Amino acid sequence: MYDGIAILKKYGTPTFDAYGNAIPTIEMTEVFVQPRSVYASEFYDAAQVGLKPSIVLYMTNRADYDGQKTLEYEGREYSVIRVDWKAQRDGISLICEEKVDNG
């Protein structure tokens, strides 16, 4: 059972316009996910190195994950701070930190 869709984002080599401005290239992949809570031990371990995990997204098909470090879920941007490959036989859990807008 899945509760939502996340968009995994992979940034490629930028292209350049006629003026030499870099134009980022982004490959987006939609995947079904099931959100899970961050365990207290995960939260406190990450806090010791300055990270703030806010959500865990479980994917049953690990083949959909290709090392993406950024994703969007329910309109919010997240950074993948750790991948748990032992979540289940064919699935993985992405431990994510919400990106904060500096503006």
Side-chain angles (χ1 to χ4, degrees):
M1 181 175 126
Y2 295 97
D3 295 323
I5 296 175
I7 301 170
L8 301 175
K9 297 180 179 182
K10 187 170 192 175
Y11 295 87
T13 305
T15 60
F16 295 90
D17 65 13
Y19 301 103
N21 298 315
I23 301 169
T25 58
I26 305 171
E27 179 183 322
M28 295 189 238
T29 306
E30 288 187 355
V31 294
F32 292 106
V33 295
Q34 181 180 21
R36 297 183 175 175
S37 298
V38 176
Y39 290 112
S41 60
E42 178 87 37
F43 180 84
Y44 290 114
D45 289 347
Q48 290 180 354
V49 292
L51 299 173
K52 297 178 182 176
S54 53
I55 193 169
V56 175
L57 296 175
Y58 176 72
M59 299 170 42
T60 58
N61 187 1
R62 68 175 54 196
D64 288 337
Y65 184 71
D66 189 26
Q68 295 92 336
K69 298 293 182 193
T70 306
L71 63 86
E72 183 178 325
Y73 178 69
E74 293 189 342
R76 295 183 175 179
E77 290 282 325
Y78 293 91
S79 295
V80 178
I81 58 175
R82 191 172 77 78
V83 178
D84 182 1
W85 293 94
K86 297 182 273 182
Q88 286 187 5
R89 187 177 70 213
D90 295 325
I92 60 170
S93 289
L94 305 176
I95 295 85
C96 303
E97 174 180 51
E98 186 170 2
K99 287 187 170 188
V100 178
D101 186 9
N102 291 332

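This one's a predicted model, so the numbers in the text were calculated from it and none came from an experiment. Below, all heavy atoms of this structure are taken into account, side chains as well, without hydrogens, waters or symmetry copies.
Listed by chain and residue number, Ala22 satisfy the side chain to side chain contact (heavy atoms under 4.5 Å, CB included) test with Phe16 (two or more places apart in sequence, or in another chain). Under the salt bridge (charged side-chain N to carboxylate O under 4.0 Å, His left out) criterion, Glu72 pairs with Lys9, sequence neighbours left out. Every salt bridge (charged side-chain N to carboxylate O under 4.0 Å, His left out) that Asp66 has, sequence neighbours left out, goes to Lys10. Evaluation of the side chain to side chain contact (heavy atoms under 4.5 Å, CB included) rule for Ala63 yields Asn61 as partners, not counting sequence neighbours. Residues meeting the side-chain hydrogen bond (donor to acceptor under 3.5 Å, both in side chains) test with Glu27, sequence neighbours left out: none. Partners of Thr15 by side chain to side chain contact (heavy atoms under 4.5 Å, CB included), not counting sequence neighbours, listed by chain and number: Ile23, Thr25.
Contact of the Ile5 side chain with the Phe32 side chain is registered, since non-hydrogen atoms from C-beta on lie closer than 4.5 Å. No side-chain heavy atom of Val56 sits under 4.5 Å from any side-chain heavy atom of Asp84.
Between atom CG of residue Leu57 and atom OH of residue Tyr65 there is a gap of 11.5 Å, rounded to the nearest 0.5 Å. Between the SG atom of Cys96 and the CD1 atom of Ile81 there is a distance of 7.5 Å, given to the nearest 0.5 Å. Annotation: the span from Ser79 atom OG to Lys99 atom NZ amounts to 4.5 Å, rounded to 0.5 Å. One finds the CD1 atom of Ile55 at 5.5 Å from the OH atom of Tyr73 (value rounded to the nearest 0.5 Å).
When all heavy atoms of Gln68 and Val80 are compared, the pair lying nearest together is O-CG2, 3.8 Å.
By the 4.5 Å side-chain criterion applied to Ile, Leu, Val, Met, Phe, Trp and Tyr, Ile26 is assigned to a cluster that also includes Ile7, Tyr11, Met28.
Between the side chain of Arg76 and the main chain of Glu98, no donor-acceptor pair closer than 3.5 Å is present.
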Q | Residues Glu77, Thr70; criterion side-chain contact (heavy atoms from CB on, under 4.5 Å); working and verdict | A | CA-CA 7 Å; Glu77 290 282 325; Thr70 306; 3.5 Å; yes
